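Encoded as structure tokens, the structure appears first; notes follow it.
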Amino acid sequence: MSLLSEDADPSEARAAARQAAAGALPNRVTFNRLELNGILNLYGRMVADGEWRDYAIDFLRDRAVFSIFRRASEVPIYRIEKDPRLARKQGMYSVISASGLILRRGHELERVLLVIDRKLAVV
């Protein structure tokens, strides 16, 4: 005996199963458009100055990571991480150096990026 009624279309059952399987995928942490715009503006300025040459973006289950490289074959010199689990504690944004030292952590991305943003200063 068939589990499907005679009125049901077998393709509808398969589509529902596919949607349920797609919904079971874990959510990923990502940078939104404003966050990515701020990071890429800083990155573009540093590339124009000849400081940085490459980047990578990783969207993981628990955090999003923007890695900055001096050369493509090296380890990242900085990692900008967004970890929503720390939003109510120390702030979800952090800048981490190549040695793993957390340079700055905070609730606002612009303020956290100031640690690596070298603007011209009048002397």
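Since the model is a prediction, treat every value here as computed from it, not as a measurement.
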Distance in Å, [X] [atom1] paired with [Y] [atom2], rounded so as to fall on 0.5 Å steps:
X: Ile57; Y: Ile80; atom1: CD1; atom2: CD1; result: 10.0 Å
X: Glu51; Y: Tyr78; atom1: CD; atom2: OH; result: 8.5 Å
X: Glu81; Y: Asp62; atom1: CD; atom2: CG; result: 8.5 Å
X: Met92; Y: Arg63; atom1: CE; atom2: CZ; result: 15.0 Å

Is the backbone of [Y] close enough, under 3.5 Å, to the side chain of [X] for a donor and an acceptor to pair up by distance?
X: Arg45; Y: Asp117; result: no
X: Tyr43; Y: Asp54; result: yes
X: Asn41; Y: Asn37; result: yes

Under 4.5 Å between side-chain heavy atoms, counting indirect links through other Ile/Leu/Val/Met/Phe/Trp/Tyr residues: same cluster for [X] and [Y] or not?
X: Leu103; Y: Met46; result: yes
X: Val95; Y: Leu36; result: yes
X: Val65; Y: Ile77; result: no
X: Val112; Y: Leu101; result: yes

Which atom of [X] lies closest to which atom of [Y], heavy atoms considered:
X: Ala64; Y: Phe59; result: CB-CD2, 3.9 Å
X: Leu109; Y: Tyr93; result: N-CD1, 3.6 Å
X: Val29; Y: Lys82; result: CG1-O, 3.8 Å
X: Ala87; Y: His107; result: O-CE1, 3.0 Å
X: Arg79; Y: Ser67; result: CG-OG, 3.9 Å
X: Thr30; Y: Glu35; result: O-OE1, 4.1 Å

Please check if the number of heavy atoms outside Tyr55 that lie under 6.0 Å from its OH is greater than 12. no
Do Arg105 and Leu86 have side chains that approach each other closer than 4.5 Å (heavy atoms only, starting at C-beta)? yes
Is Ile116 close to Trp52 at the side-chain level, that is, under 4.5 Å between some pair of heavy atoms? yes
Please lay out, stage by stage, how Arg53 and Arg70 fare under the test side-chain contact (heavy atoms from CB on, under 4.5 Å). CA-CA 5 Å; Arg53 299 204 188 277; Arg70 184 166 286 137; 5.6 Å; no
Using the side-chain contact (heavy atoms from CB on, under 4.5 Å) rule, take Leu40 and Phe31 through it: C-alpha gap first, then chi angles, then the decisive distance, then the call. CA-CA 11 Å; Leu40 288 174; Phe31 293 109; over 6 Å; no
